[in-house]
**Q** 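Here it is, the structure in full.
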Amino acid sequence: MAEVQELEIAKGNLSKKGFLDMEVDPTLDLVEEIEKLKKEKNAIILAHYYQESEIQDVADYIGDSLGLSQQAANTEADMIVFAGVHFMAETAKMLSPSKKVVLPDLKAGCSLADSCPPHLFKKFKEKYPDHVVVSYINCTAELKTLTDICCTSSNAEHVINSIPKDKGIIFAPDRNLGAWLIKKTGRDLVLWNGTCMVHEIFSNEKITKLQVRFPKAKLIAHPECEAHILDKADFIGSTSGLLKYTKESKHEEFIVATESGIIHQMEKASPHKTFIPAPPNNENCACNECPYMRLNTMEKLYLAMKYEQPEIILEDWIIEQGVASIDRMLEISKRAGL
């Protein structure tokens, strides 16, 4: 009875708290309990590379935004448990609208998605009526309804190159990724002025000092980083691209300029290699960790699976009008062999 009351109170507080704020027995083996719940509920856990290592280790699939979208579109599970941030869980719901999608913490948002409010973008888009809109998948479900083709950092070049050369392109919301794509593709993109708080904070000066300390280390960077970081990088790629590079490279040391959660997979894949997280400007914060990604915990994951809350609910019109942009992205990725 007490548990039922606690659950009802927790559900009542969901909109305020963002997660089921309930006590979890500290003696529980959460890994074992989560594995049991997967079987009982025919559930799949999809986790982003930026999740804490414990969550990555219990996930059925770990990947970047493209891989996670592909998994969400193709899974036969009844319930998708998304260990990532809000826009990723929304994308999964759009791709599998008949399935239940739960997110351990609804407040696991995204600074980049927040930097492009749909009502403002709609006015911006009206200035360029003949342009094709390409939006980085790190955006809200509503922004996807204003988008022609979504992209991820894995497939962005392919998406841009798929658009006829005589068509203008608006690229939103990440200005750093957009600027990198202009260099890579030679296309003239109209950029929305959005950024990711994590990828904006890497210190050029501190990275230079690290390069002096580790002269053999290769600097690898995500294209969401600022241009001055990308200009000095030895390799630029999506999260999965960075992981692949470290696996295949003959080099033994890497300075990693992206969210530090990926280092767990890099160390698992190449235990004999050294991975150094690129330092942020502020020494007193873990700014190279996404605070939103880290809101998800094993306890919240367990509770979300057990009680199937918080659930991602999207209005029908958002799914109907937004999913086409993701479908087009997946088609282009398939043609490109991604």
Side-chain angles (χ1 to χ4, degrees), residues 44-50 59-78 80 82-85 87-99 101 113 131-141 143-167 169-174 177-178 180-181 184-187 189 222-224 235-245 247-248 262 265 269 312 314 318-338:
I44 186 172
I45 299 176
L46 304 181
H48 194 274
Y49 286 127
Y50 297 167
D60 298 290
Y61 177 83
I62 310 150
D64 61 6
S65 294
L66 175 59
L68 292 167
S69 299
Q70 289 167 331
Q71 290 291 319
N74 296 322
T75 184
E76 293 181 8
D78 295 320
I80 298 170
F82 218 108
V85 291
F87 78 80
M88 296 176 177
E90 286 182 333
T91 302
K93 185 64 179 176
M94 292 164 90
L95 288 165
S96 292
S98 63
K99 298 183 189 304
V101 178
H131 282 49
V132 175
V133 177
V134 177
S135 292
Y136 193 27
I137 203 162
N138 302 36
C139 65
T140 63
L143 197 80
K144 290 178 175 73
T145 68
L146 301 168
T147 297
D148 296 300
I149 318 174
C150 271
C151 75
T152 71
S153 48
S154 297
N155 61 26
E157 271 188 84
H158 294 283
V159 168
I160 298 298
N161 289 332
S162 75
I163 297 165
K165 290 220 165 47
D166 60 345
K167 291 295 289 181
I169 301 171
I170 298 172
F171 187 82
D174 191 286
L177 178 58
W180 179 74
L181 285 167
K184 292 290 283 185
T185 66
R187 299 295 288 272
L189 311 182
H222 193 283
E224 285 179 45
F235 179 78
I236 300 165
S238 66
T239 322
S240 58
L242 297 178
L243 177 59
K244 184 171 185 278
Y245 177 79
K247 283 183 192 173
E248 295 176 356
I262 185 60
Q265 292 301 322
I312 297 295
L314 292 175
I318 286 184
I319 294 174
E320 287 160 14
Q321 292 180 33
V323 75
S325 65
I326 309 168
D327 287 339
R328 287 188 72 186
M329 174 192 81
L330 293 175
E331 284 165 21
I332 292 164
S333 300
K334 190 174 180 182
R335 284 203 306 269
L338 299 175

**Q** How about His158 and Asn161: do any of their side-chain heavy atoms sit closer than 4.5 Å?
**A** no
**Q** Hey, what do you get for SG (Cys151) to CG (Leu177), rounding to the nearest 0.5 Å?
**A** 6.0 Å
**Q** Is there a donor-acceptor contact under 3.5 Å from the side chain of Asn138 to the main chain of Ala113?
**A** no
**Q** Look only at the side chain of Asp327 and the backbone of Leu330, and say whether a donor-acceptor pair between them is shorter than 3.5 Å.
**A** no
**Q** May I ask you to test the Ser135-Lys144 pair for a side-chain heavy-atom distance under 4.5 Å?
**A** no
**Q** Pick from Val85, Ile137, Thr91: which one makes a side chain to side chain contact (heavy atoms under 4.5 Å, CB included) with Ser65?
**A** Ile137
**Q** Could you tell me the separation between the NZ atom of Lys165 and the CD1 atom of Ile160, rounded to the nearest 0.5 Å?
**A** 11.5 Å
**Q** At what distance, to the nearest 0.5 angstrom, does OG1 of Thr152 lie from CG of Leu338?
**A** 8.0 Å
**Q** For the residue pair Asp64 and Ser240, confirm or rule out a side-chain donor-acceptor distance under 3.5 Å.
**A** yes
**Q** Nearest 0.5 angstrom please: Arg187 CZ to Glu157 CD, how far?
**A** 12.5 Å
**Q** Does Val134 reach the side chain of Ile163, with side-chain heavy atoms less than 4.5 Å apart?
**A** yes
**Q** For residues Arg335 and Ile332, determine if any side-chain heavy atom of one lies less than 4.5 Å from a side-chain heavy atom of the other.
**A** yes
**Q** For His131, give me all partners under ring pair (Phe, Tyr, Trp, His ring centres under 6.0 Å), at least two apart in sequence or on another chain.
**A** Tyr128
**Q** Could you report the tightest heavy-atom contact between Phe171 and Leu189, atom names first, then the distance?
**A** CB-CD1, 4.1 Å
**Q** What heavy-atom pair brings Phe235 and Gly241 nearest, and what distance separates the two atoms?
**A** CE2-O, 3.6 Å
**Q** Hey, does the side chain of Lys99 reach the backbone of Ile80 with a donor-acceptor pair shorter than 3.5 angstrom?
**A** no
**Q** Scan Ser69, Ser238, Ser333 and name whichever one has a side-chain hydrogen bond (donor to acceptor under 3.5 Å, both in side chains) with Asn155.
**A** Ser333
**Q** Under a 4.5 Å cut-off applied to non-hydrogen side-chain atoms, are Leu66 and Met329 in contact?
**A** yes
**Q** Which heavy atom of His222 sits nearest a heavy atom of Leu242, and at what distance?
**A** N-CD1, 4.1 Å
**Q** Mind checking the CE-SG spacing from Met94 to Cys150? Nearest 0.5 Å is all I need.
**A** 7.5 Å
**Q** Provide the closest heavy-atom pair for Pro173 versus Tyr136 in the form atom of the first, atom of the second, distance.
**A** CD-CB, 3.7 Å
**Q** Tell me the closest heavy-atom pair linking Ile312 and Ala89, and the distance in Å.
**A** CG1-CB, 3.7 Å
**Q** Output yes when a side-chain donor or acceptor of Ser96 lies under 3.5 Å from a complementary backbone atom of Ala72, and no otherwise.
**A** yes
**Q** Out of Asp148, Ile169, Ile149, Leu143, which residue meets the side chain to side chain contact (heavy atoms under 4.5 Å, CB included) rule with Val133?
**A** Asp148
**Q** Will you find, in the side chains of Ser325 and Thr147, an N or O donor that is under 3.5 Å from an N or O acceptor?
**A** no
**Q** To the nearest 0.5 angstrom, please state how far the NZ atom of Lys93 sits from the CG atom of Leu314.
**A** 7.5 Å
